[in-house]
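Input: a single structure, listed below in structure tokens.
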There are 2 protein chains.
Amino acid sequence: MRNHTIGTLTWIRMMRFTTQSNQLSNEFLKRFDLTTAQFDVLIQIKTYAPITQSQLAEKVTVTQGGMSRMLVRLEKEGLIERKQNWKTKTISLTVKGEQMIDAATPSQLHFQSSFFEEALTEEEMKALYIAMTKIEKHSREKKLPPA
Amino acid sequence: MRNHTIGTLTWIRMMRFTTQSNQLSNEFLKRFDLTTAQFDVLIQIKTYAPITQSQLAEKVTVTQGGMSRMLVRLEKEGLIERKQNWKTKTISLTVKGEQMIDAATPSQLHFQSSFFEEALTEEEMKALYIAMTKIEKHSREKKLPPA
DNA sequence: TTTTTTCACTTGACTAAGCAAGTGAATGTT
DNA sequence: AACATTCACTTGCTTAGTCAAGTGAAAAAA
């Protein structure tokens, strides 16, 4: 089991880190009665409202089905509103939703950054940012190798 | 909504990338009848067997409950065996499980690396590896800030 | 020896997501 | 006008995971 190249080691460290940091983030957001996934969706709505479900799904890398369910939960909690508009549903925040996201945003963004800021130097962070930008873009365009 | 520092931007790119790459990875592993989560668990078992459930859970950053469920599925598929040993259950691969993981490992590891290798230079990859090692370690030790 | 504690694992109720089939309204086609 | 297509969204079934309460057997305490 020494097939592990620098690439595969990076991959598993990144996977472990994201699950770990997601868990901590969820724990952190409990004080605002939100989950990481909900925070992510709400902040997109706040930025782009009014927006349709499919556009929203695209922005957070989720299928339409997943988005449909997420929005049902958020609507049940009274954080968002959906209006039927021609054949589209337009999504926007309720007052309650706006208050929650505004309350949570500063500390949550700060918490997210702290994972990097506490472990890296200024230059390392810049390099990491550039690398992630490239990798993320590449992965969006990547296609499966043939079987 | 311009609270976005380099840290928060890095965070969301990394999150988007990992979900994206997980999805592609799942699609890729379909040809071996596996999911990414299953591959991850099986390779740990192959490396560390015989191992207990809690140790395994720790290794893949999952709760004991989550591991219990995962192993039930893998056992139902006939990929692993669990033996009651004193109060512990010891997990090991079946022949079928061993065959599957051996068949999938080379291409899956190569596929994982390709996300980085195709988008970065040699130096960038090294720097990324070092950064991820630091960050991952830091996140394991990180504690929640006080409310 | 009985009782309590501890420990490894399981389970019920839940969030989150995927895929694929289904629904229902608007728009095109014949 | 009647039928077919497209499009945005929903829904059933499944994997994957969380938390917290529950189980059952071994070890420690009474």
Side-chain angles (χ1 to χ4, degrees), chain A residues 15-16 18-30 32-42 44-45 50-77 79-91 144, chain B residues 15-16 18-30 32-42 44-45 50-77 79-91 144:
Chain A
M15 291 297 157
R16 300 276 186 268
T18 48
T19 56
Q20 183 70 13
S21 113
N22 239 305
Q23 268 162 44
L24 285 168
S25 198
N26 275 323
E27 215 176 316
F28 179 71
L29 283 173
K30 258 186 205 144
F32 300 107
D33 252 303
L34 289 172
T35 66
T36 310
Q38 288 165 358
F39 179 83
D40 196 8
V41 171
L42 289 177
Q44 296 297 327
I45 300 174
I51 188 176
T52 67
Q53 296 197 186
S54 356
Q55 292 170 320
L56 204 46
E58 223 259 316
K59 288 216 181 290
V60 298
T61 334
V62 147
T63 58
Q64 286 207 25
M67 187 46 70
S68 180
R69 285 178 221 279
M70 171 93 285
L71 292 176
V72 167
R73 286 191 293 264
L74 287 174
E75 198 169 42
K76 214 185 296 170
E77 302 273 314
L79 302 180
I80 60 151
E81 270 174 345
R82 294 195 281 182
K83 281 187 205 105
Q84 193 77 37
N85 222 356
W86 285 271
K87 61 186 154 189
T88 301
K89 291 200 175 169
T90 330
I91 293 124
L144 280 198
Chain B
M15 292 296 160
R16 299 279 185 266
T18 49
T19 55
Q20 183 70 13
S21 111
N22 239 305
Q23 268 162 47
L24 285 168
S25 199
N26 275 321
E27 216 176 313
F28 178 71
L29 283 172
K30 257 185 206 146
F32 300 107
D33 253 303
L34 289 171
T35 65
T36 310
Q38 289 166 359
F39 178 84
D40 196 8
V41 172
L42 289 177
Q44 297 297 328
I45 299 176
I51 189 178
T52 67
Q53 295 197 188
S54 355
Q55 291 170 322
L56 204 47
E58 223 259 317
K59 288 218 181 287
V60 298
T61 335
V62 148
T63 58
Q64 285 206 24
M67 188 46 69
S68 178
R69 294 190 145 87
M70 171 92 283
L71 292 175
V72 167
R73 287 189 295 264
L74 288 174
E75 197 169 42
K76 214 185 296 170
E77 302 273 314
L79 303 181
I80 62 151
E81 272 174 345
R82 294 195 280 183
K83 283 189 205 99
Q84 193 75 38
N85 224 354
W86 284 270
K87 62 186 156 193
T88 301
K89 291 202 176 169
T90 330
I91 291 124
L144 280 198

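So that the names make sense, note that chain A is the first sequence line, chain B the second, and so on, each numbered from 1.
Contact check of residues 21-28 of chain B against DNA chain D (heavy atom, cut-off under 4.0 Å) returns no residues at all. Residues from residues 60-72 of chain B lying near DNA chain C, meaning a heavy-atom separation below 4.0 Å, are B:Gln64, B:Gly65, B:Ser68, B:Arg69 in numerical order.
In this structure, B:Leu74 atom CG and D:dG17 atom P are separated by 10 Å, rounded to whole Å. Separating the CG atom of B:Asp40 from the C1' atom of D:dG17 is a distance of 13 Å, rounded to the nearest angstrom. Between the C1' atom of D:dT14 and the CD atom of B:Gln38 lies a distance of 11 Å, rounded to the nearest Å. Between A:Leu34 atom CG and C:dA16 atom P the separation is 10 Å, expressed in whole Å. Between A:Glu75 atom CD and D:dC9 atom C1' the separation is 13 Å, expressed in whole Å. What separates CD1 of B:Ile51 from P of C:dC9 is a distance of 10 Å, to the nearest Å. When the P atom of D:dT18 is taken as reference, atom CD of B:Glu58 falls 13 Å away, rounded to whole Å.
Between A:Asp40 and B:Arg16, some side-chain heavy-atom pair lies under the 4.5 Å cut-off. The shortest side-chain heavy-atom distance between A:Leu24 and B:Leu144 falls under the 4.5 Å cut-off. Between A:Met15 and B:Thr61, the closest side-chain pair of non-hydrogen atoms is not below 4.5 Å.
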side-chain contact (heavy atoms from CB on, under 4.5 Å) between B:Gln44 and B:Val60, intermediate numbers included: CA-CA 8 Å; B:Gln44 297 297 328; B:Val60 298; 3.6 Å; yes
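Between B:Gln55 and C:dA8, a side-chain N or O to OP1/OP2 separation shorter than 4.0 Å is absent. Regarding contacts with the backbone of D:dA8, every side-chain N or O of A:Arg82 stays at 4.0 angstrom or more from both OP1 and OP2. Between A:Ser54 and the phosphate of D:dC7, there is no side-chain N or O to OP1/OP2 separation shorter than 4.0 Å.
Sequence order on DNA chain C of the closest nucleotides to B:Lys30 and A:Glu77 puts A:Glu77 first from the 5' end.
A side-chain contact (heavy atoms from CB on, under 4.5 Å) with A:Glu77 is found for one member of A:Leu74, A:Ile80, A:Leu79 and no other, namely A:Leu79.
Partners of B:Glu75 according to the side chain to side chain donor-acceptor pair (under 3.5 Å) rule, which considers only residues two or more places apart in sequence or in another chain, are B:Arg82.
Residues B:Leu34 and B:Leu42 approach most closely at CD2-CD1, 3.8 Å, considering heavy atoms. The minimum heavy-atom distance linking A:Ile91 with A:Leu56 is given by the pair CD1-CD2, 4.4 Å. Pairing each heavy atom of B:Ala57 with each of B:Thr63, the nearest pair is CB-O, 4.0 Å.
Of the candidates C:dA16, C:dC9, D:dA16, C:dA16 carries the atom nearest the A:Arg73 side chain, counting heavy atoms from C-beta on.
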